[in-house]
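Because the structure is a prediction, the values reported are computed rather than measured.
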Amino acid sequence: MMWTMAPSAMAEAGAAVVSALLAHGHEAYFVGGCIRDELLGRPVHDMDITTSALPEEVTAIFPRCVPTGIAHGTVTVLQGGHSFEVTTYRTESGYADHRRPEHVVFVADVREDLRRRDFTINAIACGLGAELVDPFGGEKDLARRTVRCVGTAEERFDEDALRMLRCVRFAAVLDFRIAKNTWRALLRQRDQLAYIAVERLRAELERIVEGPHPWRGLGLIARSGLLPRGKAPFPWTDAALADASAKLAGIGELEGAHRRWALLLHALGASAETAEALLRAWTFPGATVKTVARMLSVREAWDAALAELPPGSAGGSGGELQRRWIAAVLAHGPSAAGDWLTVSAALPDGAAADLASRRAWIAAMPVAAISELAATGSDLTAALGRKPGKWVGEVLERLLLSAALGEIDNDKECLLREAQRMDIE
Ligand code: ATP
Ligand code: MG
């Protein structure tokens, strides 16, 4: 086997950990994702180590370590500025609720440990001399670009239902096919996805949507029928997903996770309100939920403006439409508006000229927030001789729109003069 691990500071530090284990008379190998990615020539972000040493033997060898999951045999070893998960060879059995093993038994043979792993491409161990332990043909499946379960696929998916979504994720991220038997088993076991925590579903879905081949991944998701069977709400049929597919062809070109989620939810016909509720239910972080909902709100405001004032109608391009656009930008924020334009450009019917003028309107805004106005609420109450109240915010909003449109200067005198001319409730 003419293959050696690409040199890096991390690989060197990992080799020191493996060497120390060997020097104490134990077996030790690099294993799993790092070997898969290394063999594929992909960047390796962390390196897991599998060993015959028991957890207490590992902690005795390495002074700097953290007992991450000692009951399951995992110790995190800190070495040369890197950390390595060192796990004792083990088998798993008695999976409760299709998601976690009830019994973990430490074993003496690395092949036994590899047998518990999900896919053949993840079940390759590699020694210090670059010798591979690959009892399930993982290297061959890497060459065939195939995701295949270790052992009987139907049993493996039944043991741990998350593996079905991991299967789709690896196929999507690596642009691999799924072995026929593995796919068939997935279709038979898909109802078990209902046992998996929403956070874990979300984490896999994020890697699919935010990865290099999201369109392919979404196609597999649609064909698998997995998501409607999970715990999180998923109000679409497989047919609706298939319909959305045409609008999603550009999703892989779109930079930025938030933009991809906005495009996906748009393609599925979700309102801003529905999108917000869904992303929340799917346990996305609050910042993601807000950002995506704002982008879709910008879409809704613009669609409403177009419905009332089709381009070319009286009011014209620079007039009322611009006013409505700027009002939407102020309501939801220039960054959400700019992001929405970027998303729109990724749609098959993204009208470039129309997008360019809306982008230019944003760029031309002299102010974008009340905090940037040259007059404050207390300036207003003083100048108008009125008690503070709801009117202050309303007047500031109106001044902001006029100033953002360039109708009045953002200058204290001008703003206060304009306020004095307004009808105020
Ligand atoms: P990445 O870190 O890029 O997601 P990875 O292969 O390292 O890929 P991890 O989730 O970090 O994936 O898991 C490390 C290894 O543990 C896997 O390569 C696989 O061998 C094994 N593994 C992880 N999750 C499961 C599972 N649900 N069932 C069986 N084996 C698993
Ligand atoms: Mg990993």
*asked:* If we count only N and O atoms by modelled type, under 3.5 Å, do the side chains of Arg90 and His72 hold a donor and an acceptor together?
replied: no

Quiz item: Should the pair Arg259-Asp339 be classified as a salt bridge under the 4.0 Å nitrogen-to-oxygen rule?
Solution: yes

Next item on the list: Establish, from distance only, whether the side-chain atoms of Thr291 and Thr288 form a donor-acceptor pair under 3.5 Å.
Entry: no

- request: Using modelled atom types only, decide if a donor and an acceptor are shared between the side chain of Thr146 and the backbone of Leu142 within a distance under 3.5 Å.
  value: no

Taking every heavy atom of Met295 against every heavy atom of Val343, the minimum-distance pair comes out as CE-CG2, 3.6 Å

Q. Take atom CD in Glu407; do more than 12 heavy atoms of anything else shown fall under 6.0 Å from it?
A. yes

Is the shortest side-chain heavy-atom distance between Val150 and Arg156 below 4.5 Å?
yes

Are there over 12 heavy-atom neighbours, none belonging to Glu372, within less than 6.0 Å of that residue's CD? yes

Worksheet item: Under 4.5 Å between any side-chain heavy atoms of Trp236 and Pro228, yes or no?
Response: no

Practice prompt. Answer yes or no: is there an ion pair linking Arg166 with Asp118, defined by an N-O contact shorter than 4.0 Å?
Written response: yes

Handout entry: Geometric cation-pi criterion Arg202 and Trp282, 6.0 Å radius, 45° cone
Key = no

Is there side-chain contact between Phe30 and Val18, with heavy atoms separated by less than 4.5 Å? yes

Working for salt bridge (Lys or Arg N to Asp or Glu O under 4.0 Å), residues Arg398 and Glu418:
CA-CA 10 Å; Arg398 288 164 69 184; Glu418 179 72 14; over 6 Å; no

Query raised in the report: Ignoring hydrogens and geometry, is there a side-chain-to-backbone donor-acceptor pair from Thr152 to Glu155 under 3.5 Å?
Result: no

Output for pair (Met365 CE, Leu405 CG), nearest 0.5 Å, gives 8.5 Å

State whether the number of non-hydrogen atoms from other residues, nucleotides or ligands found under 6.0 Å of Phe62 atom CZ is greater than 12.
yes

TODO: Report, as yes or no, whether the 6.0 Å neighbourhood of atom CD on Glu273 holds more than 12 heavy atoms from other residues, nucleotides or ligands.
DONE: no

Output for pair (His82 NE2, Glu12 CD), nearest 0.5 Å, gives 9.0 Å

**Asked** Is there a side-chain contact between Leu264 and Val209, using heavy atoms and a 4.5 Å cut-off?
**Response** yes

- Task: Take Cys167 and Leu186 through the test side-chain contact (heavy atoms from CB on, under 4.5 Å) and record every step on the way to the result.
- Result: CA-CA 9 Å; Cys167 176; Leu186 186 154; 4.2 Å; yes

Does one side chain, of Arg359 or Thr342, offer a donor that lies under 3.5 Å from an acceptor on the other?
yes

Show your working on side chain to side chain donor-acceptor pair (under 3.5 Å) between His98 and Asp158 and close with a plain yes or no. CA-CA 6 Å; His98 310 278; Asp158 188 47; 3.1 Å; yes

>> Here's one to test your reading of the geometry: is the NZ or CZ of Arg386 within 45 degrees of the ring axis of Trp391 and under 6.0 Å from its centre?
In response: yes

- Any side-chain heavy-atom pair from Leu174 and Arg36 closer than 4.5 angstrom? yes

task = Using a 4.5 Å cut-off on heavy atoms from C-beta on, say whether the side chain of Thr74 contacts that of Val86.
result = no

dist Leu396:CG -> Leu400:CG (nearest 0.5 Å) comes out at 8.5 Å

Discussion item. Please determine whether a side-chain nitrogen of the Lys or Arg among Glu210 and Arg260 lies less than 4.0 Å from a carboxylate oxygen of the Asp or Glu.
Written reply: no

- When you look at CG of Asp423, are more than 12 heavy atoms from neighbouring residues, nucleotides or ligands closer to it than 6.0 Å? no

Is any side-chain N of the basic residue among Asp354 and Arg358 closer than 4.0 Å to the acidic one's carboxylate O? yes

In terms of heavy-atom contacts, Ala368 and Leu330 come closest through O-CD2, 3.4 Å

In short, Ala246 meets Pro348 closest at the heavy-atom pair O-CG, 3.6 Å

Distance col, row Arg223:CZ vs Leu187:CG, nearest 0.5 angstrom, shows 9.0 Å

Heavy-atom closest pair (Ala419 atom, Leu380 atom, distance to 0.1 Å) is CB-CD2, 3.6 Å

Closer than 3.5 angstrom, by distance alone: can the side chain of Thr182 be matched with the main-chain N or O of Cys149 as a donor-acceptor pair? yes

Point to revise | side-chain contact (heavy atoms from CB on, under 4.5 Å) between Phe176 and Phe170, intermediate numbers included | key: CA-CA 7 Å; Phe176 275 26; Phe170 285 116; over 6 Å; no

(message) For Trp183, does the six-membered ring have the charged nitrogen or CZ of Arg177 within the cation-pi criterion, i.e. under 6.0 angstrom from the centroid and within 45° of the normal?
(response) no

All heavy atoms of Ala71 vs all of Val104, minimum pair found to be O-CG1, 4.4 Å

Can you find a side-chain donor-acceptor pair between Thr87 and Thr50 that sits under 3.5 Å?
no

Item to check | Side-chain donor/acceptor of Asn122 to backbone N/O of Gly32, under 3.5 Å | outcome: no

Closest non-hydrogen contact found for Ala374 with Leu415 is N-CD1, 3.6 Å

Problem set entry | Parallel, tilted or perpendicular, as decided by the 30° and 60° cut-offs, for the rings of Trp302 and Trp325 | perpendicular

Indicate yes or no: does Arg117 engage Asp113 in a salt bridge with an N to O separation below 4.0 Å. yes

Next item on the list: Check step by step if ring-ring contact (aromatic ring centres under 6.0 Å, His included) holds for Trp340 and His258.
Entry: CA-CA 10 Å; Trp340 178 249; His258 296 160; over 10 Å; no

Regarding Glu159 and Arg163, does a basic nitrogen lie under 4.0 Å from an acidic carboxylate oxygen?
yes

- Task: State whether the number of non-hydrogen atoms from other residues, nucleotides or ligands found under 6.0 Å of Glu413 atom CD is greater than 12.
- Result: no

Chi angles and distances behind the salt bridge (Lys or Arg N to Asp or Glu O under 4.0 Å) call for Arg324, Glu320:
CA-CA 6 Å; Arg324 294 285 292 263; Glu320 197 49 29; 5.2 Å; no

task = Quick one: do Asp141 and Arg148 satisfy salt bridge (Lys or Arg N to Asp or Glu O under 4.0 Å)? Show the steps, please.
result = CA-CA 8 Å; Asp141 280 335; Arg148 184 192 315 276; 2.9 Å; yes

Practice task
State whether Arg280 and Glu276 are salt-bridged, where the test is any N-O pair (Lys NZ or Arg NE/NH1/NH2 against Asp/Glu carboxylate O) under 4.0 Å.
Solution key: yes

When rounded to the nearest 0.5 Å, the distance separating CG of Leu162 from CD of Glu204 is 5.0 Å

Just by distance, do the side chain of Ser19 and the backbone of Ala15 share a donor-acceptor pair under 3.5 Å?
yes

| request: Report the C-alpha separation of Leu347 and Leu263 in whole Å, then their side-chain angles, then the decisive distance to 0.1 Å, and conclude whether the side-chain contact (heavy atoms from CB on, under 4.5 Å) test is met. | output: CA-CA 8 Å; Leu347 286 166; Leu263 177 60; 3.4 Å; yes

**Message:** Evaluate Ile221 against Leu205 for side-chain contact (heavy atoms from CB on, under 4.5 Å), listing each step before the verdict.
**Reply:** CA-CA 9 Å; Ile221 293 257; Leu205 198 57; 3.8 Å; yes

Between the CD1 atom in Ile121 and the CZ atom in Arg145, the distance rounded to the nearest 0.5 Å is 10.0 Å

Are the side chains of Ile326 and Trp361 in touch, meaning some heavy atoms are under 4.5 Å apart?
yes

Do Val77 and Arg64 come within less than 4.5 Å of each other through their side chains, counting heavy atoms only?
no

